[in-house]
Amino acid sequence: GQSLEQPSEVTAVEGAIVQINCTYQTSGFYGLSWYQQHDGGAPTFLSYNALDGLEETGRFSSFLSRSDSYGYLLLQELQMKDSASYFCAVHPRSGGSYIPTFGRGTSLIVHP
Amino acid sequence: DGGITQSPKYLFRKEGQNVTLSCEQNLNHDAMYWYRQDPGQGLRLIYYSQIVNDFQKGDIAEGYSVSREKKESFPLTVTSAQKNPTAFYLCASSIEGTGDSYNEQFFGPGTRLTVL
């Protein structure tokens, strides 16, 4: 099976940089993705890492290290609207299907 | 506008009643999914369907049933056998993923079910 660990909560101030870590245990997987969910809303896709290294998309970057079973989401120039929950998900190699397993999520609170 | 719709947004039912949650998409996606979200639990997979007239159990399928008679629709029935049905239910769809390609999931707005 697969398991993922994320911090339950992270706080930061507006304008700062914050890193949300994700460690996982899985026996082979396609990649690691990140989703954002505002309170009571639908999760939306942020990024996907198929290969080791850093993927940058505007203020958000995501990193993967398969050898360390570790990834992170980096948010720069934090804004109040970034207050949300962030989920990492692994996409395991499982019988040819493609079903992600989500972590429990990290609640990011941005203070003025 | 392409997207996924779920209805209703809020649903209240009495204990012991079956209830069906609607999920419709016009994205022409082959794959559809149902997740349950509880506070602090993340998203847990209930059922998924990769093609019309076929579906598979996820991690927590007990007490739920689905059908996939049309590509656009994937309704979820929460039966009276589900011991703890009060939760936030999310439907998602994606292009069917194969091999190393990644296909993001698009989520609906969710249905918050409360069983009294």
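Residue numbering restarts at 1 for every chain, and letters A, B, ... go by the order of the sequence lines.
- Looking at Q37(B), only its side chain comes within 4.5 Å of chain A, counting heavy atoms on both sides.
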Start with the C-alpha gap between F107(B) and Q37(A), add the side-chain angles, then the distance that decides, and say whether side chain to side chain contact (heavy atoms under 4.5 Å, CB included) holds.
CA-CA 10 Å; F107(B) 285 84; Q37(A) 183 183 30; over 6 Å; no
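- The shortest heavy-atom contact between P109(B) and A42(A) is CA-CB, 4.1 Å.
- Annotation for D39(A): atom CG does not count as buried by contact number, only 12 or fewer foreign heavy atoms lying within 6.0 Å.
- Shown here is L116(B), whose CG atom has more than 12 heavy atoms of other residues, nucleotides or ligands within 6.0 Å.
- Considering CD of Q105(B) and CZ of F45(A), their distance stands at 10.5 Å, rounded to 0.5 Å.
- By the neighbour-count criterion of 12 heavy atoms within 6.0 Å, atom NZ of K14(B) is sparsely surrounded, having that number or fewer from other residues, nucleotides or ligands.
- Other residues, nucleotides and ligands contribute only 12 or fewer heavy atoms inside 6.0 Å of the CD atom of E5(A).
- Using modelled atom types, no side-chain atom of Y33(B) and backbone atom of I99(A) make a donor-acceptor pair closer than 3.5 Å.
- Surrounding CD of Q17(B) are more than 12 heavy atoms belonging to other residues, nucleotides or ligands, all under 6.0 Å away.
- In this structure, no portion of F106(B) lies under 4.5 Å from any heavy atom of chain A.
- Note: the hydrophobic cluster containing Y35(B) does not contain F55(B) (ILVMFWY, side chain heavy atoms under 4.5 Å, direct or indirect links).
- Chain B forms the most heavy-atom pairs under 4.5 Å with one residue out of G103(A), G31(A), G105(A), G40(A), and that residue is G40(A).
- Atom-to-atom distance recorded for T101(A):OG1 and D59(B):CG is 6.5 Å, nearest 0.5 angstrom.
- Within a 6.0 Å radius of CD1 in I109(A), other residues, nucleotides and ligands contribute more than 12 heavy atoms.
- For a residue to count as touching a neighbouring chain, one of its non-hydrogen atoms must lie under 4.5 Å from one of that chain's; by this rule S8(A) does not touch chain B.
- For L43(B), the parts sitting under 4.5 Å from any heavy atom of chain A are the backbone and the side chain alike.
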